[in-house]
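What follows is one structure encoded as structure tokens, with my remarks underneath.
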Amino acid sequence: MKIIVVFVTTLDGKITKWGDPNVHRWSSQEDQTYFKKTWDESPLIIMGSSTFDFDPVKPSPKNRLIVLSRKPDSYKKYEVPGQLEFSDESPVKLTQRFRAMGYDRMLVVGGPHVATSFFRDNLVDELWLTLEPKIFGKGGNFVVEEELDINLKLISIEKVNDRGTMLTKYAVIKNS
Ligand SMILES: NC(=O)c1ccc[n+]([C@@H]2O[C@H](COP(=O)([O-])OP(=O)(O)OC[C@H]3O[C@@H](n4cnc5c(N)ncnc54)[C@H](OP(=O)(O)O)[C@@H]3O)[C@@H](O)[C@H]2O)c1
């Protein structure tokens with residue numbers, strides 16, 4: 001099972017503008033279309049509770065969305081088995097469970113705390129990063145501040161508009 005982390009970021013690595021959680025206010029239309037397509041094509045999606053709290057995603061039979069929270073019971077009212085589930089499993093346990101179920105791809109859509117825990121445990125195979133030609137100075141990064149040492153190799157890069165929004169894909173070099 002391939003584990004893919006996906007984010008949209010500015011050139012200075014910010015995934016929020018000055019802390020405002022609404023990414024759609026500044027990400028390009030091209031990125032939003034790409035993200036929707038990526039989402040629709042992913043049978044299994046992982047998200048942190050803070051990202052869900054900001055924009056509670058509606059359940060869909062097209063994908064299985066797992067929201068990670070240390071208090072999954074408090075989200076019971078949202079739960080639709082097989083479509084929208086809440087879990088306090090560790091990234092390692094979660095990965096083992098879905099790998100055993102035969103899923104071939106897991107999309108981790110953030111936020112930074114959840115993405116960092118997947119990077120920390122060396123679970124990530126690819127990083128799909130949209131680079132928007134903007135600088136915000138203040139705002140969150142797509143990993144939280146802790147010591148990581150991850151090497152990646154560019155797989156592909158695509159310029160999708162005149163301003164130069166870039167869709168990049170990187171492979172994580174394991175055991176480097
Ligand atoms: N630009 C982008 O592409 C993009 C993408 C996604 C999100 N965002 C932004 O990111 C922000 C939210 O990110 P965030 O980092 O604060 O939160 P997050 O990663 O979405 O969620 C973190 C929360 O998930 C729960 N959790 C459960 N298991 C965890 C684990 N193993 N590792 C980490 N957290 C775990 C914890 O909450 P409880 O246990 O208390 O429930 C934790 O506080 C929002 O502003 C959102 O707009 C941007």
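One-based numbering along the sequence shown. Remember, it's 1-based here, ligands and their atoms both numbered in the order they're listed. Remember, it's a predicted structure, so these values are computed and weren't measured experimentally.
Each of Leu129, Leu127, Val143 was checked for a side-chain contact (heavy atoms from CB on, under 4.5 Å) with Val5, and the lone residue meeting it is Leu127.
Between the side chain of Thr10 and the main chain of Lys14, a donor-acceptor pair closer than 3.5 Å is present. Between the side chain of Gln32 and the main chain of Ser27, a donor-acceptor pair closer than 3.5 Å is present. Of the possible donor and acceptor atoms, one in the side chain of Ser69 sits under 3.5 Å from a partner among the backbone N and O of Lys71. Side-chain N or O atoms of Asp104 include none that pairs as donor or acceptor with a backbone N or O of Met1 at under 3.5 Å.
Numbered from 1 in the order shown, with element, the atoms of ligand 1 that lie under 4.0 Å from a heavy atom of Gly111 read 6 (C), 7 (C), 13 (O), 15 (O), 18 (P), 19 (O), 20 (O). Listed by number with element, the atoms of ligand 1 under 4.0 angstrom from any heavy atom of Lys71 are 38 (P), 40 (O), 41 (O). Those atoms of ligand 1 with a heavy atom of Ser69 less than 4.0 angstrom away are 27 (C), 38 (P), 39 (O), 41 (O).
Among Thr130, Ile15, Asp53, the residue whose heavy atom lies nearest to atom 8 (N) of ligand 1 is Ile15. If you check each of Val6, Asn22, Asp55, Thr51 against atom 7 (C) of ligand 1, the one with the closest non-hydrogen atom is Thr51.
At the shortest separation from atom 6 (C) of ligand 1 among protein heavy atoms lies Val109 O, 3.1 Å. Nearest protein neighbour of atom 39 (O) of ligand 1, counting heavy atoms only, is Arg70 N, 2.7 Å. Here the protein heavy atom with the shortest distance to atom 15 (O) of ligand 1 is His113 ND1, 2.7 Å. For atom 28 (N) of ligand 1, the nearest non-hydrogen atom of the protein is Leu68 CB, 3.7 Å. Nearest to atom 2 (C) of ligand 1 among the protein's heavy atoms is Phe7 CD2, 3.5 Å. For atom 34 (N) of ligand 1, the closest non-hydrogen atom on the protein side is Val114 CG2, 3.7 Å. Nearest protein heavy-atom neighbour of atom 37 (O) of ligand 1: Ser49 OG, 3.0 Å.
On a distance-only criterion, Val8 and ligand 1 share at least one N/O pair closer than 3.5 Å. For Pro21, a nitrogen or oxygen atom sits less than 3.5 Å from a nitrogen or oxygen atom of ligand 1, counting backbone and side chain alike. Checking only distances, Thr16 never comes within under 3.5 Å of ligand 1, N or O to N or O. Checked by distance only, ligand 1 and Pro112 come closer than 3.5 Å through their nitrogen or oxygen atoms.
Contact annotation for Pro91 and ligand 1: only side-chain heavy atoms (C-beta onward) come within less than 4.0 Å of the ligand.
Relative orientation of the Phe86 and Tyr75 rings is parallel, given thresholds of 30° and 60° on the angle between their planes. Between Phe136 and Trp18, the angle of the ring planes goes over 60°, which puts this pair in the perpendicular group of the 30/60° scheme.
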The test is side-chain contact (heavy atoms from CB on, under 4.5 Å); show your working for Thr130 and Tyr34 and say whether it passes. CA-CA 9 Å; Thr130 297; Tyr34 165 73; 3.9 Å; yes
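Counting only residues at least two apart or in different chains, side-chain hydrogen bond (donor to acceptor under 3.5 Å, both in side chains) contacts with residues 158-169 comprise Glu30-Asn161, Glu132-Thr165, Asn161-Thr165. Residue pairs meeting the side-chain hydrogen bond (donor to acceptor under 3.5 Å, both in side chains) criterion with at least one member in residues 110-119: none, sequence neighbours excluded.
The environment of Glu145 atom CD is sparse: at most 12 non-hydrogen atoms of other residues, nucleotides or ligands sit within 6.0 angstrom.
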